[in-house]
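Quick note: numbers below take in every heavy atom, side chains included, and nothing from hydrogens, waters or symmetry partners.
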Amino acid sequence: MKFWSQYFIPTLKESPADAEIPSHKLLIRAGLVRKLGGGLYTYLPLGLRVMQKLTQICREEIERGGGIELQMPHLHPAENWQQGPRWAAIREVMFRVDGAGDGKRGPREPEYVLGPTHEEVITPLVRAEITSYRDLPKNLFQITTKFRNEIRPRFGLMRAREFVMMDAYSFDANDEAAIKSYHAMKTAYENFFRRVGAHAIAVEADTGVMGGSYSHEFMIPAEIGDNDILYNEESGYAANREKATSALVPAGLADAAPAGALEEFATPGIVTIAALAAPPYSAPADKQFKTLVYVGDGKPFLVVLRGCDELEEAKLGALGFSVFRPATPEEIEPVMGAKPGSLGTVKGTIKNPDALAGIFADHAIRLVGNGTTGANKDGFHLRHVNVSRDLTVTRFGDFRRVQPGEPDPTSGQPLKLRRGIEVGHIFKLGTKYSDKYGAVYTDDQKQNHPVVMGCYGIGISRTMQAIIEQGHDADGVVWPWASAPFHVLICVLDPQLPEAMDLARQLGAAAEKAGADVLIDDRAERPGVKFKDADLIGIPLRLTIGGKGLKEGIIELKWRTQKEVAKISLADAAARVTAEVQAAQAKA
RNA sequence: CGGGGUGUAGCUUAGCCUGGUAGAGCGCCUGGUUUGGGACCAGGAGGUCGCGAGUUCGAAUCUCGCCGCCCCGACCA
């Protein structure tokens, strides 16, 4: 039981100027956090209590899913990372530390880094300590602060430089067992988000820099989310836009009959799809081929799409380059023979085809048939272009960005689009890290095999903010029971009356006995201030004790989620509070 | 890192264009009146106007540089 007048809950009437979105404003106004610097926040007592609730629930659910808790250092020797498979890709996001502190070791390479995640630490540990099939499977997790030098911290705790994350790592003898671990974690995640009162949905996701074969993201739908989700409620399909596909191209689609021979025509000054679609050329965007030039691991390659489609860059990850980027105009001309705007992949028109690492075409170009494309000659295009007759394609793939309204790949129903906040991610990693670090085990036939890994993350601090983003109204936060910093707030309107405070303590004790965390507002403030603050900090159950009510022999009981106020006689108060708390505990 | 914006009291801000003693609201302190949805009256404390140069008799205001913060993009739990 805490007393507000003795506690530390600095609430704000106005939103600080640097907060933009509701959850960020409320984090600060409701006295949950304060900013120290960009992406760095102090958890005030109320915020810390929420974090502790989330952490404990997360711990329980991951343990139920087979996890074993440990804790790794925050500070890592840089060599661990330099020897790992993704130093080049991830070093920019790491805080690098000169351990000597006097600059004598020079600025060239850091001695230490602050851990952004822990694959590079746990895999060597497992390599040393897990050597037999008898030791498997294992799932090790921790809940700790992570450090990432985000290029742009944003929206309070949404993208912070220092944040709290649960990270788990599974180790299995084979693929089949690893998939079992993966699904156990997926279930644990679903249980976690359900218990904390966050409505998260699992969507298929791109694996990004983590590598690995497949993964799901857990998203909390919210307008301010920075992820696009394509989904269909009926079929249950849901995918991150980076990963989403659609059934746009019917299986077994035959090529259109060529309408005529290839024909070059002059298009002076025409360098955009839109210009070519307009008269006098009138080649609709969906009847054009768009040719993009990228550079992968130092070598140029081409991507061919329909004129009306956009490239989904993340999908190029499937091509296996470790790094890739759009080519510059200076790089394009010597290879293609023309500037961007007149590019194409018709056989024999590319100036220097041997320089290319490949020509990758999206499946959807097969819908084009008798299309138009650049002639690789500035100011000229070709018409009557047909895919199999005229184009050189190394490999077909899914490279286009799916648009809402396209048919769902599982049911054919139209896909819808919504935004979401990523609060969790699970990956089946395979043997990427175990190969690199030599984490092998010996089976019962004395054969050595790499350990098959999975890795799993939940952004705890981000989840706190996402719950607020999802649960608030015009007056403030509306905490779900399980995540709330306190469950019951007892507003004592006349704290100078000893009988009012005595009753508050009695009811508080009853609520605590039933399992609730109790805060008593005993401040010498006017009722209006107390009610406004009560709504702002969003404690689920509010009891109001006032001198007026005491004379009538009643107190009031109100849920934050409801408008109605129940008047309860003093004689029934303790029993009623106990019953309400027990019911809420049972539901949570 | 590219583009845009912004920096004045603990918080929200006016003043800046057109240079001339830095203002308000909230919060805080004292006294009084109030007391069921952010009270009222009176008094008070609190500011190197982000930092540094420059122009000027004089700079919050004009110029240049730096820094912080916010928003959009690439990245991520």
Side-chain angles (χ1 to χ4, degrees), chain A residues 10-21 24-25 28-29 34-40 54 58 89-90 92-94 116-118 143-168 189 200 205-210 215 217-220 224-227 240 242 313-314 325-326 420-427 455-466 475-476 491-497 524-536 542 544-552 554-556 558 565 567:
Chain A
T11 58
L12 252 40
K13 232 188 253 192
E14 287 176 291
S15 298
D18 58 9
E20 195 94 341
I21 63 170
H24 186 192
K25 290 178 182 170
I28 292 165
R29 287 190 56 211
R34 283 295 180 271
K35 183 166 73 177
L36 174 63
L40 302 171
L54 300 184
C58 183
I90 207 171
E92 281 311 307
V93 88
M94 302 223 279
T117 166
H118 285 72
I143 303 175
T144 57
T145 298
K146 303 292 184 287
F147 301 87
R148 292 188 192 171
N149 193 2
E150 289 293 344
I151 308 161
R152 177 150 94 89
R154 225 196 295 218
F155 296 148
L157 300 179
M158 243 12 158
R159 183 173 300 139
R161 291 204 161 101
E162 189 181 312
F163 59 97
V164 175
M165 181 168 111
M166 185 293 301
D167 49 323
Y189 272 44
D206 183 68
T207 52
V209 72
M210 300 300 295
S215 85
E217 283 172 352
F218 283 77
M219 298 278 202
I220 293 192
I224 58 97
D226 48 7
N227 286 273
N240 187 313
E242 293 179 352
E313 216 174 67
R325 58 169 174 84
I421 300 164
E422 183 188 356
V423 287
H425 207 153
I426 57 180
F427 299 90
C455 74
Y456 316 90
I458 292 178
I460 301 288
S461 42
R462 180 182 279 186
T463 298
M464 171 163 81
Q465 186 169 350
D475 296 315
C491 283
V492 184
L493 300 185
D494 301 284
Q496 74 284 2
L497 298 177
E525 289 287 352
R526 297 168 60 83
V529 173
K530 295 190 172 210
F531 290 138
K532 286 289 183 190
D533 271 345
D535 288 343
L536 180 59
R542 186 182 88 192
T544 305
I545 300 174
K548 222 168 66 183
L550 285 181
K551 278 186 196 142
E552 298 167 28
I554 56 123
I555 65 156
E556 290 168 9
K558 179 183 176 296
V565 177
K567 293 188 193 301

inquiry  = Between the base of B:rC76 and the side chain of A:Arg462, is one N or O donor paired with an acceptor at under 3.5 angstrom?
reply    =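 When only heavy-atom distances are counted, A:Arg462 does reach the base of B:rC76 through a donor-acceptor pair under 3.5 Å.
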
ask   = With distance as the sole criterion, do the side chain of A:Arg159 and the base of B:rC75 form a donor-acceptor contact below 3.5 Å?
value =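 Donor-acceptor pair under 3.5 Å: yes.
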
query = Counting only Watson-Crick or G-U wobble pairs whose two distances fall under 3.5 Å, which nucleotide matches B:rG54?
reply =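 By the stated definition (distances under 3.5 Å), B:rC62 pairs with B:rG54.
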
Look at [X] and [N] and indicate whether a side-chain polar atom (N or O) is within less than 4.0 Å of OP1 or OP2.
{"X": "A:Arg154", "N": "B:rG73", "value": "yes"}
{"X": "A:Lys35", "N": "B:rC70", "value": "yes"}
{"X": "A:Arg152", "N": "B:rC71", "value": "yes"}

With rounding to the closest Å, how many angstrom separate the [atom1] atoms on [N] and [M]?
{"N": "B:rU63", "M": "B:rG3", "atom1": "C1'", "value": "23 Å"}
{"N": "B:rG46", "M": "B:rG54", "atom1": "C1'", "value": "32 Å"}
{"N": "B:rC57", "M": "B:rC72", "atom1": "P", "value": "46 Å"}
{"N": "B:rC70", "M": "B:rA42", "atom1": "P", "value": "40 Å"}
{"N": "B:rG4", "M": "B:rC41", "atom1": "C1'", "value": "47 Å"}
{"N": "B:rG25", "M": "B:rU6", "atom1": "P", "value": "26 Å"}
{"N": "B:rA24", "M": "B:rG47", "atom1": "C1'", "value": "14 Å"}
{"N": "B:rU12", "M": "B:rC17", "atom1": "C1'", "value": "24 Å"}

message = If you apply the rule side chain to side chain contact (heavy atoms under 4.5 Å, CB included), what do you find for A:Arg462 with A:Glu422, and how did you get there?
response = CA-CA 9 Å; A:Arg462 180 182 279 186; A:Glu422 183 188 356; 4.0 Å; yes

Report the nucleotide, chosen from [options], that has the shortest atom-to-atom distance to any side-chain atom of [X].
{"X": "A:Glu422", "options": "B:rC69, B:rC76, B:rG36", "answer": "B:rC76"}
{"X": "A:Phe155", "options": "B:rU13, B:rC72, B:rC76", "answer": "B:rC72"}
{"X": "A:Thr544", "options": "B:rG38, B:rG36, B:rC70", "answer": "B:rG36"}
{"X": "A:Glu14", "options": "B:rC69, B:rU12, B:rG36", "answer": "B:rU12"}
{"X": "A:Met165", "options": "B:rG38, B:rA77, B:rU34", "answer": "B:rA77"}

ask   = Which part of the nucleic acid, if any, lies within contact of A:Glu556, taking any heavy atom under 4.0 Å across all strands shown: a base, the sugar-phosphate backbone alone, or nothing?
value = base

ask   = With sugar-phosphate meaning primed atoms plus P, OP1 and OP2, does A:Asn227 contact a base, only sugar-phosphate, or nothing at under 4.0 Å between heavy atoms?
value =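 The answer is base, as A:Asn227 lies within the cut-off (heavy atoms under 4.0 Å) of a base atom.
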
Is it true that a side-chain atom of [X] and a backbone atom of [Y] form a donor plus acceptor pair closer than 3.5 Å?
{"X": "A:Gln465", "Y": "A:Met158", "value": "yes"}
{"X": "A:Arg154", "Y": "A:Arg159", "value": "no"}
{"X": "A:Asp475", "Y": "A:Asp535", "value": "no"}

task = Assign each of A:Ser15 and A:Ile460 to its nearest nucleotide of RNA chain B by heavy atoms, then name whichever residue's nucleotide is nearer the 5' end.
result =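 Nearest nucleotide further toward 5': that of A:Ser15.
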
Toward the 5' end of RNA chain B, by each residue's nearest nucleotide, A:Pro16 or A:Asp533 =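 Comparing both residues, the 5'-ward one is A:Pro16.
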
Tell me the interatomic distance from [X], atom [atom1], to [N], atom [atom2], rounded to whole angstroms.
{"X": "A:Glu20", "N": "B:rU12", "atom1": "CD", "atom2": "C1'", "answer": "15 Å"}
{"X": "A:Lys532", "N": "B:rG27", "atom1": "NZ", "atom2": "C1'", "answer": "17 Å"}
{"X": "A:Leu536", "N": "B:rG27", "atom1": "CG", "atom2": "P", "answer": "15 Å"}
{"X": "A:Ile28", "N": "B:rC70", "atom1": "CD1", "atom2": "P", "answer": "10 Å"}
{"X": "A:Leu12", "N": "B:rA9", "atom1": "CG", "atom2": "P", "answer": "15 Å"}
{"X": "A:Ile555", "N": "B:rG36", "atom1": "CD1", "atom2": "C1'", "answer": "15 Å"}
{"X": "A:Ile458", "N": "B:rC76", "atom1": "CD1", "atom2": "C1'", "answer": "16 Å"}
{"X": "A:Met158", "N": "B:rC75", "atom1": "CE", "atom2": "P", "answer": "18 Å"}

task = Classify the ring geometry between A:Tyr456 and A:Tyr189 as parallel (under 30°), tilted (30 to 60°) or perpendicular (over 60°).
result = perpendicular

key: From CA spacing to verdict: side chain to side chain contact (heavy atoms under 4.5 Å, CB included), A:Asn240, A:Met219   = CA-CA 9 Å; A:Asn240 187 313; A:Met219 298 278 202; 3.8 Å; yes

query = Can you check whether A:Phe531 stacks with the B:rG38 base, using ring centres under 5.5 Å and planes within 30°?
reply = no

task = Report the distance from atom CG of A:Asp167 to atom NE2 of A:His118, rounding to the nearest 0.5 Å.
result =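 Reported value, rounded in 0.5 Å steps: 6.5 Å.
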
